[in-house]
Structures are given as C-alpha cells and as structure tokens.
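Following: one structure in structure tokens, then a few remarks.
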Amino acid sequence: MEFREVVARRRMVRHFADEPVPAEVIDAIAAAAQRAPSAGFSQGQRLLVITSPEGRRLVAGLLDEEAGVAEGWDRWISECAALFVPCVSEPIYHRRYQEPDKVDESGSEIVWPVPYWFVDVGMTSMLVLLAAVDEGLAAGFSGITDIPAFRAALGIPQEFTPVGVIPVGRPLPDRRSPSLRRGWVPSAEFVHRERW
Ligand SMILES: Cc1cc2nc3c(=O)[nH]c(=O)nc-3n(C[C@H](O)[C@H](O)[C@H](O)COP(=O)(O)O)c2cc1C
C-alpha cells in the first residue's frame, strides 16, 4: 500500500473481528514500531503484545469495557486479534542524558524542553497504527485510567509507563466517536508558513 493511502485510511476503529491474525503479521507490526526514533537513541520505548483471549479479557476488565458496552460501544478490547501496549521508561532517558556525549558544559543532564519520552512513545504508537493499516487491518486507541493497577496486572516494571492500549484486528462496521463532529481544524489554521 502506498504511504499516502495508509495515512488516509488510518482512523480509530472500535469494532473488530474476534479472530487471530498470523503471528508474522503481529511480528511485522511490532518490528515497524521498533523503527520509531528516540531522543539520543535512548530507546526507552517497549511494546507489550497480548493476543490470548484471557489476556484480552483481563485488559478489557482493567479498561472497564463493560461500561462502554452499556453505552452502546462494541467489545473492541476483548474482541480483536491483538492488543499492543506502548510503554516508555522516563528513567532510561535520564540515564542516557547523563552519558558524556549528552551532558551540558557543566556536566549536568539537560533541562528537558519537553518530555521526550512521551514524544517518542507517541511515535511508536503511530507506527503501530500505520503498520496495522499497511497489513490490511485496523487499529484503535484507548487511554489507561489506572496505570498502577494496569502495571500490576500485567507485570509491567515500575519504571515503565503504559501509555495506552491499541487493539488491532480485521475491522467490522463500528460506531464513530462523537468527537469527530468537531471536524478537522482548517489546514490554514494547522499549518503556519515561515512565521506563525
Ligand atoms: C492519546 C489518545 C488517547 C485516546 N483515547 C481514546 C480513548 O480512550 N477512547 C477512544 O475511544 N478513543 C481514544 N482516542 C482516539 C481519538 O478519539 C481519535 O483519534 C480522534 O477522535 C480522531 O479520530 P481518528 O483517529 O479516527 O481520525 C485517543 C487518541 C489519542 C491520540
């Protein structure tokens, strides 16, 4: 698929066929995600991939899928092919930026202009979303409200923050988010040229 088509086709899907996809497809999506850039090549991003029905049901419970079902949403977490959970470790960035080639003139860690760890895991997440489309599948994104409980249930080490859950699978007709009624920001408002 052409890159442009992948980008154009990507949208958050919230209803999937409850059927597996070949392991090679899961591996290809994970491999694409590892190609994400990272500040100082810190590579603080990790992916937790869950394909088992029990694992998916566990995550669905943590995200209170039932509350969504009661509101008319499909079971888009427990019923899909795989859940990709992008995680990031902030401490890996601090350790990396205390290395000799990264400290400032006074030998100190930089003052972080923005939290690069979250920038980087966002890049990882986007690659999962795009790679899923490139594999002829679709993906969604759910935030995680109780991160400590999520970590504990899935054995994620304390230094890693799971930033969301990306269900991937064969898309089925789904209910669209009411947020989409907001429409896109006009491109003239989004893109500023030469000077803001
Ligand atoms: C950081 C982030 C958190 C999101 N959290 C949720 C969520 O918890 N539940 C959900 O249904 N969609 C969630 N979304 C999806 C957005 O609602 C969606 O991207 C937006 O409405 C635009 O739609 P589109 O991606 O289909 O173009 C999230 C998206 C992002 C980037």
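Read the numbers this way: they start at 1 and go in the same order the structure lists the ligands and their atoms.
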When you check the side-chain N and O atoms of Gln98 and His94, is any donor under 3.5 Å from an acceptor? no
Between Tyr97 and Gly40 (side chain of the first, backbone of the second, donor and acceptor by atom type, cut-off under 3.5 Å), is there such a pair? yes
Sub-4.0 Å protein heavy atom next to atom 18 (C) of ligand 1: yes
Decide, yes or no, whether a salt bridge links Arg57 with Glu65 under the criterion of side-chain N to carboxylate O below 4.0 Å. no
Any donor-acceptor N/O pair, Ser125 side chain to Val121 backbone, under 3.5 Å: yes
Of the protein's non-hydrogen atoms, which lies at the shortest distance from atom 4 (C) of ligand 1, and what is that distance? Phe141 CD2, 3.5 Å
What protein heavy atom sits nearest atom 27 (O) of ligand 1, and how far away is it? Arg10 NH2, 3.3 Å
Is it the case that atom CD in Glu159 sees more than 12 heavy atoms from other parts of the structure closer than 6.0 Å? yes
What residue and atom, counting heavy atoms only, is the protein's closest point to atom 20 (C) of ligand 1, and at what distance? Leu180 CD2, 4.6 Å
Could you see which bit of Trp76 sits under 4.0 Å from ligand 1, with heavy atoms only: side chain, backbone, both or neither? side chain
Report, in ascending order of atom number, the atoms of ligand 1 lying under 4.0 Å from any heavy atom of Ser142. 7 (C), 8 (O)
Check whether any side-chain N or O of Asp174 sits under 3.5 Å from a backbone N or O of Val13 as a donor-acceptor pair, and report yes or no. no
Shortest reach to atom 29 (C) of ligand 1 by a heavy atom, considering only Arg14, Met12, Arg11: Met12
For atom 8 (O) of ligand 1, what is the nearest protein heavy atom, given as residue, atom name and distance? Gly143 N, 3.0 Å
